[in-house]
2 protein chains.
Amino acid sequence: MMVSIKDVAEHAGTSFKTVSRVINNDAGVREETRERVQAAIDALGYRPNSAARMMRNQKSGVIGFISDEVVTQPYAGELLLGAQEVASEHDKVLMVVNIEHDRKRQQRAIDMLLERRVEALVYASYYHREIELPQEMLQVPSVLVNCFTTEAVLPTFVPDEVQAGYDATRLLIEQGHTRIGMITLNPQIVAAQKRLEGYRRALDEAGIAFDAELIVRGEPRFDEPAESACVESAVGSLMALDKRPTALVCGKDEFAMQVYFLLARFGLQVGRDLAVTSFDNQRLIAPGLTPGLTTMELPHLEMGRAALRCLFNRMDDRSTRLIPFSPIVRESHRLKA
Amino acid sequence: MMVSIKDVAEHAGTSFKTVSRVINNDAGVREETRERVQAAIDALGYRPNSAARMMRNQKSGVIGFISDEVVTQPYAGELLLGAQEVASEHDKVLMVVNIEHDRKRQQRAIDMLLERRVEALVYASYYHREIELPQEMLQVPSVLVNCFTTEAVLPTFVPDEVQAGYDATRLLIEQGHTRIGMITLNPQIVAAQKRLEGYRRALDEAGIAFDAELIVRGEPRFDEPAESACVESAVGSLMALDKRPTALVCGKDEFAMQVYFLLARFGLQVGRDLAVTSFDNQRLIAPGLTPGLTTMELPHLEMGRAALRCLFNRMDDRSTRLIPFSPIVRESHRLKA
DNA sequence: CTGAAAGCGCTTACAG
DNA sequence: CTGAAAGCGCTTACAG
C-alpha cells in the first residue's frame, strides 16, 4: 500500500486538501503550514499518484509514439530522441510501442495507447515510405514522421529527398565533373526515386545530358532475391563503360564503403580517381573511411522535433513538410592529385 | 468528454456494473445481455479508461525503462526490443526514458516513473560500464542491463566479455596462428579489459607466450584528445614489428573496417595475408566487407529478454548473469591462398 | 488561510 | 444473473 495524501495529512495534522495545495504549489497556504506538510511528505516518502491526478484532470500527459523498428535502426532512434526532447519541454512523456507487421499486435498496441488516453499520436517509420494509416489515429491529434499516406490527412514530416539528391550531385558538378554515376537504392522506395529526381535536376541545371548507362542499382527490388554482390556488379558495369564516370553518387554509405574496396580491383582510388558523395552519414562508416566520406545526413533528430512542435502548436493542417538533409562535407567529393 | 461505462450502460439499458462485467469478461452475464452491451460499446466507440482501472487495481501495468542513449546507439536498441517482447507477453508496457548525464533531468525522469507507479525498473546502458545507481531503484523490483554497480545490489545482466575475447582468439588459434595481434578499445572500459583477459586465457591454454608488443590501442583513453588516426598508428606499429602478426583480433568492427583499408598500404589483404576477427557484428559493416568479417555479436536482444524474465520470475537475488556473445562466422578468420 | 463535499471512471465485495 | 454501495487518490468549486 503506497502512502497517500491522507497519510500525509494525518502526519502533518492538516486536512488532506491542504496537502493537495502544497504539492500543487497553490497560493494561499501559510508558510508554517507548508513547511509542516513538506516535512511530512519527506518523512513518508510520499509521491502523488499520477493515475488519480489523471482521472480528475482528464488528461494523461502521455503522447503515443508508434514506430516500426525505429529504435533498432542505426541512428533512426534519433527520431525518438528529438520527439522526446520536445515532449519533455511540454511536460509530456512518450509511450513508445513497436509495431511489427502483425496486424493483430498492431491493433493491441493502438488500443492500449488509446485506453491510456494518449493526448496525441506520432507514427514514425524507420525508412521513408508510404504507410496504411491506422484509422484510430484520427481520433486524437496525430502526425506522421518519415512516412506518409496516399491522401494527405495528417501533418506529415519527411526528409527532402529531392533536394538531397540535388545537393549530393551538385557537390560533384561544382568540382567540374560532368560524367557522374549513381548507385541507387531499391527503385521501389521513395528515397531512390526522389534522389534520382534531384540528380537529374542538378544535371539539367548544369546543362549536362542525362545518360541512363550511368545509373546502376546497388540493391535488389523487394520482389527479387537478396544478393550480396549487387554493388559489386553495379560498380563492375560502370567500370566497363567506354567512358567511365569520374564521380559517383552512392545511395547509402554502405554502398560507398563497398565502392572504396571495389575500386581497388581496377587500380583506382576514391579521392584520387573517383569523387564520391553519399547519403546517411552513418557514424560507424563515414568518418572511418579514407578519404572521409562526404555524405548527406538524414534529418532524424529534426524531424522528431518538428513533428512534436507541430502537435503542440495544434497546426493540424494536412500539409507535408520537407525537412532538409545536412551535407556533411569531408574529402571524398574532391579529387586530389 | 470521453464516453464512460455509464454512457454505455444507459445506451444498453443495464446498470454500469453489468458493463464492467462484460468488458472484463466476467462469468455470469446472460448471453443476450452481453450482446446488447457489446453493441452499445461498439456503437459508442467506448474504451475503458486505464487510469481508472489502475486506481482501483492499484497497479499500473507499466515497467520503467531507463536508458542512457540506448535507442540512438546502432543495434543497442535491441536491448529495448528484447525487453518489450517479454513485457508484452506479460501484458505490461514499457515506459522509456532517456537520461542524459544531467543530474536534474535524471531525477525528474525517475520521479515521473515512480509517480506513475511503475511496477518495476530496468536500467540499461548503451555500453557495458559501471553506473552510479539511482537509489530510488531500490523502491521497486529492478534490474541492471549492460551495466553494473560496484557492490552488487540488483540482478545484473552483462555480456560475457571474457568468453567473447577467448572465442575470438580461439577461432584464430584453431587456424594455426600463434602470432596474434589485438587492437583494443579504450583500456579504461570493461570490454577492453575483459576481452584482453579472454585473449590471454586462450593463448595460455594453447601454450602460446603472451607478447605485449602485439597489443595496440585503437582508440584514445577518456582523458586523451580524440584522434582519428589511432587505428592507423596501431596497425602501423604492428607492421613495424620484426615478427609481424599473422592474425588480428579487432576491438570492434569499425577497427576491422579500417584494418581492411590500411593493410593495402603494406600490400597486404585481410583473408589472404592476415586473419581477422572482431566484435559487435555491426550489420552496416561486417557483411559488406570482403571477405565477410567474422565477429562476435553482442547479445543485446537476449540481455533485454533475460532481464525482463528475471523481473517476472521475481528472482531478486543480486547475482550477475553473463550473457554469451554469438560468434558470427564469415570468412575473415580464415586465410585463403 | 483552511476544510467538507462531490466526483473523475472504474472494481471489489456484498445483496437480492 | 443483475444491481446499489463504497472506495481507489486525487482536484474542483464552494463555504467558512
Side-chain angles (χ1 to χ4, degrees), chain A residues 1-41 44-62 91 111-119, chain B residues 1-41 44-62 91 111-119:
Chain A
M1 200 82 296
M2 297 286 318
V3 11
S4 84
I5 205 175
K6 287 185 186 166
D7 302 316
V8 176
E10 193 176 345
H11 194 275
T14 67
S15 78
F16 67 85
K17 176 60 233 189
T18 301
V19 178
S20 168
R21 285 203 176 85
V22 172
I23 59 184
N24 288 295
N25 268 313
D26 285 359
V29 180
R30 222 185 332 148
E31 188 49 32
E32 189 261 331
T33 313
R34 181 180 299 279
E35 276 165 20
R36 199 148 37 84
V37 170
Q38 190 56 55
I41 288 173
L44 300 176
Y46 168 75
R47 282 174 203 285
N49 181 325
S50 76
R53 285 186 151 172
M54 217 184 269
M55 229 169 92
R56 277 273 25 173
N57 298 337
Q58 298 289 71
K59 44 186 202 167
S60 62
V62 0
D91 278 312
D111 284 344
M112 186 276 287
L113 291 173
L114 256 15
E115 288 178 8
R116 283 177 191 274
R117 299 293 188 265
V118 289
E119 296 173 19
Chain B
M1 200 82 296
M2 298 286 318
V3 11
S4 84
I5 205 174
K6 286 185 186 165
D7 302 316
V8 176
E10 192 176 345
H11 195 274
T14 68
S15 77
F16 66 85
K17 176 60 233 188
T18 301
V19 178
S20 168
R21 286 204 176 85
V22 172
I23 59 183
N24 289 294
N25 268 313
D26 285 359
V29 179
R30 224 185 332 149
E31 188 49 31
E32 188 261 332
T33 313
R34 182 181 299 280
E35 276 166 19
R36 199 148 35 85
V37 170
Q38 190 56 54
I41 288 174
L44 299 177
Y46 168 74
R47 282 175 202 284
N49 181 324
S50 77
R53 285 184 150 173
M54 217 185 268
M55 230 170 91
R56 276 273 25 172
N57 297 336
Q58 298 288 71
K59 45 186 200 166
S60 62
V62 359
D91 278 312
D111 284 343
M112 184 275 287
L113 290 173
L114 257 15
E115 288 178 10
R116 284 177 189 272
R117 298 294 188 265
V118 289
E119 297 173 19

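Residue numbers start from 1 in every chain, and the chains themselves are labelled A, B, ... in the order their sequence lines are given, proteins ahead of strands.
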Next on the checklist: Between A:M2 and B:R117, is the side chain to side chain contact (heavy atoms under 4.5 Å, CB included) condition met? List the steps.
Outcome noted: CA-CA 9 Å; A:M2 297 286 318; B:R117 298 294 188 265; 3.6 Å; yes
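Counting heavy atoms from C-beta outward, A:D91 and B:M112 have side chains that stay 4.5 Å or more apart.
Taking only side-chain nitrogens and oxygens, B:T14 never comes nearer than 4.0 Å to OP1 or OP2 of D:dT2. The phosphate of C:dT11 (OP1 or OP2) has no side-chain N or O of B:Q58 nearer than 4.0 angstrom. OP1 or OP2 of C:dG9 has not a single side-chain nitrogen or oxygen of B:R53 nearer than 4.0 Å. The phosphate of C:dC10 (OP1 or OP2) has no side-chain N or O of B:S20 nearer than 4.0 angstrom. For C:dC8, the OP1/OP2 oxygens have no side-chain nitrogen or oxygen of B:S4 closer than 4.0 Å. Put simply, B:N24 has no side-chain N or O that comes within less than 4.0 Å of OP1 or OP2 on C:dC10. Taking 4.0 angstrom as the limit, B:T18 places a side-chain polar atom (N or O) nearer than this to OP1 or OP2 of D:dG3.
When all heavy atoms of B:Y46 and B:I23 are compared, the closest pair comes out as OH-CD1, 3.7 Å.
Remark: P of D:dC1 and CZ of B:R21 are 11 Å apart, rounded to the nearest angstrom. Across the protein-nucleic acid pair, B:I5 atom CD1 and C:dC8 atom P stand 13 Å apart, rounded to whole Å. Spacing between atom CE of A:M54 and atom P of C:dG7 amounts to 23 Å, rounded to whole angstrom units. Rounding to whole angstrom units, CE of residue B:M55 and P of C:dT12 are separated by 14 Å. Per the geometry, CD belonging to A:E115 stands 12 Å off C1' belonging to C:dC10, to the nearest Å. Here C:dC8 presents its C1' atom at 13 Å from CG of B:D7, a figure rounded to the nearest Å. Taking atom CD on A:E10 and atom P on D:dG9, their separation rounds to 14 Å, with Å as the unit. Separating the CZ atom of A:F16 from the C1' atom of D:dC10 is a distance of 8 Å, rounded to the nearest angstrom.
Between A:E10 and A:K6 there is no salt bridge, since no side-chain nitrogen of the basic residue lies less than 4.0 Å from a carboxylate oxygen of the acidic one.
You'll find that the side chain of A:S15 is closest to C:dG3, out of D:dC1, C:dG3, C:dT12.
In this structure, C:dA4 forms no base pair with any nucleotide, since neither Watson-Crick nor G-U wobble geometry is met with both distances under 3.5 Å.
Each of A:N49, A:L44, A:I41 was scored for a side-chain contact (heavy atoms from CB on, under 4.5 Å) with A:V3, with one residue passing: A:L44.
With hydrogens and angles ignored, a donor-acceptor pair under 3.5 angstrom links the side chain of B:R56 to the base of D:dG7.
Along DNA chain D, the nucleotide nearest B:R36 and the nucleotide nearest B:A52 are compared for position; the residue whose nucleotide lies closer to the 5' end is B:R36. Between B:Y46 and A:E31, it is A:E31 whose nearest contact on DNA chain C lies nearer the 5' terminus.
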